[in-house]
Amino acid sequence: MGAVEIPPLQYTPVEEIQSHVSTARKTFNAHKTRDVEYRLVQLRKLYWSVKDHLEEMREALRLDLGRPKFEAELGDTNWVLNDIIFVCRNLENWVKDEKAENIDITFKLMNPKIRKDPLGCVLVIGPFNFPFQLTLGPVIGAIAAGCTVVVKPSEKSSHCAVVIQRIIEAALDPEAYIVVQGGVSETQALLAERWDKIFFTGSANVGRIVCKAAATHMTPIVLELGGLNPAFISRNADPRLVARRLLWGKTLNAGQLCTSQNYMLVERPILPAVVEEFKKAYSEFWPQGTKKDFSRIIDDASFQRIKRMVDNTKGKILLGGTMDEKERFIEPTLVQIDSINDSLVTEESFGPLLTILPVDSLDEAIEIANGVQATPLALYPFGTKAEAEKILSQTRSGGVSINDASLHIPTLEFGGVGESGSGAYRGKASFDVFVHRRAITTSPGWVESALAIRYPPFGKKQDFFIKAGSLTPDFDRNGQKLRLGWLRYLLTLGGGSAKSGVTRATIVAAVAYFALQLLDRRGSRL
Ligand code: NAD
């Protein structure tokens with residue numbers, strides 16, 4: 001028993017769900033969350049609420065996942081705090097209208113810009129594995145973007161779900177940010193509602209259910225799913241680095257990490273050294289055995305699923321392999337397999353299983369990985385720069401850490417591709433994913449004579465207008481770029497043929513010059 005008490009999770013009655021959604025929707029429609037200062041105040045209050053609940057968060061992570069304190073701070077508590085500060089520091093810049101680039105000179109008169117409009121009332125569905133980071137992370141982005149949010153934490157990490165609700169309810173506007181608790185029935189009741197975006201993190205199977213529900217209302221979705229992530233270990237890799245980094249990547253949170261490698265394709269010449277280094281790293285990381293400083297599997301069903309994968313393997317266990325059902329403990333287990341159809345690689349292990357498949361060459365490794373899943377969430381090449389580039393150029397994945405495990409996640413925007421998901425978030429991307437880029441032009445009354453060319457009756461004037469406005473290609477019919485294409489472009493100012501270009505360029509330039517002068521003088525008056 002820890003120092004703080006966390007009450008059991010109470011599901012939200014299904015019949016109340018609709019009214020919660022309608023509250024969030026009404027608040028958005030009242031334009032309350034559009035004000036940027038309001039958003040900042042909510043985020044700042046959220047920060048302090050997280051601070052006030054740190055002990056409960058650590059305890060909940062210990063109870064649900066047996067998470068060591070350092071990993072609780074690294075992957076959840078500190079992560080969320082830093083996320084909020086980063087967003088608060090940058091929000092005023094992110095919300096600014098963007099001037100449109102590369103627009104035809106005529107349209108410059110219309111002050112074209114992009115406004116970052118909040119999408120509306122959004123649903124966030126969280127997973128169990130990094131419950132605070134992966135549930136509050138999208139919520140932070142949605143608040144920053146000016147959306148109202150209904151959030152459904154995972155019922156599997158039930159203590160964390162309770163603490164998420166406490167954090168939100170202690171800090172945030174209850175009319176705009178609402179927690180709904182529950183499992184399948186409650187989530188399905190939520191999915192039956194109309195949303196302006198659904199942000200889902202979880203398995204591909206449930207992702208499909210989300211997609212179908214979203215289709216009913218044509219709701220845009222973000223899917224943050226799992227993947228059968230490969231690591232490529234070339235004969236030129238440093239075996240010690242490979243072992244330390246990939247052992248960490250597959251044992252953080254006991255391998256319940258969507259970006260952890262599901263299998264390692266190791267070139268045969270380096271295989272003995274890699275295995276040796278895994279053994280060394282193992283004893284260096286856990287000199288007193290892995291029962292200390294090591295997370296537990298989330299529930300019995302997941303424990304049994306991972307156990308089945310190990311029971312059914314035709315591979316050879318090289319390290320670890322012990323399990324304790326009562327504690328839901330699975331020791332980091334290194335297994336060498338000889339077929340990509342082995343039970344250890346045909347599904348996402350989401351546990352501390354380190355599977356090695358020896359290969360003869362990088363070409364073979366690439367072919368195997370592309371056959372297992374063409375679009376995993378992450379991919380890890382170890383070897384020379386040239387080898388990493390070769391792998392990048394012949395594969396696809398949501399993200400890549402070269403020479404490491406999972407390090408692109410805290411650094412960059414994060415998301416999958418194809419079967420591993422769509423949409424990305426983190427940092428500025430968390431804001432972007434919840435805004436609509438609304439295109440706005442303003443046509444001043446005084447340019448009416450210039451714009452009147454579009455009205456009938458049509459005649460020669462319009463023919464001239466179309467010709468003058470046509471761009472000149474700087475490429476030929478064979479798709480080859482023309483030499484001195486830029487000179488043609490300049491002579492014609494992008495319009496018509498080079499022959500008539502100089503006169504036309506002069507006219508267009510003069511008109512544009514005077515129009516811009518006039519615009520400057522008249523300032524922002526319409
Ligand atoms: P899950 O799909 O079982 O559950 C996710 C959420 O969906 C939970 O809130 C749950 O209540 C809800 N849910 C479950 N069954 C449902 C149903 N039938 N209908 C409607 N809602 C339902 O996922 P999980 O076990 O929490 O997480 C593990 C999976 O998530 C792994 O596949 C992992 O790779 C993936 N994951 C991906 C990311 C990422 O960012 N890409 C992060 C974490 C986890």
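Order of listing sets the numbers, starting from 1, for every ligand and every atom in it. We number each residue from 1, following the sequence as shown. These numbers were taken from a predicted model, which means no experiment stands behind them.
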> Under a 4.0 Å N-O cut-off, is there an ion pair linking Glu327 with Lys291?
Replying inline: yes
> Is Glu73 salt-bridged to Lys69, going by a charged N under 4.0 Å from an acidic O?
Replying inline: yes
> Checking Asp196 side chain against Cys121 main chain: does a donor-acceptor pair fall under 3.5 Å?
Replying inline: yes
> Arg89: what forms a salt bridge (charged side-chain N to carboxylate O under 4.0 Å, His left out) with it, not counting sequence neighbours?
Replying inline: none
>> At less than 4.0 angstrom from any atom of ligand 1, which residues have a non-hydrogen atom? List them by chain and residue number.
In response: Ile125, Gly126, Pro127, Phe128, Asn129, Leu134, Lys152, Ser154, Glu155, Lys156, Val184, Thr187, Gln188, Phe200, Thr201, Gly202, Ser203, Val206, Ile209, Glu224, Leu225, Gly226, Cys258, Glu348, Phe350, Leu377, Phe414
> If you measure from the Lys or Arg side-chain nitrogens to the Asp or Glu carboxylate oxygens, is any gap between Lys316 and Asp338 under 4.0 Å?
Replying inline: no
> So does Glu56 pair up with Arg166, basic N to acidic O under 4.0 Å?
Replying inline: yes
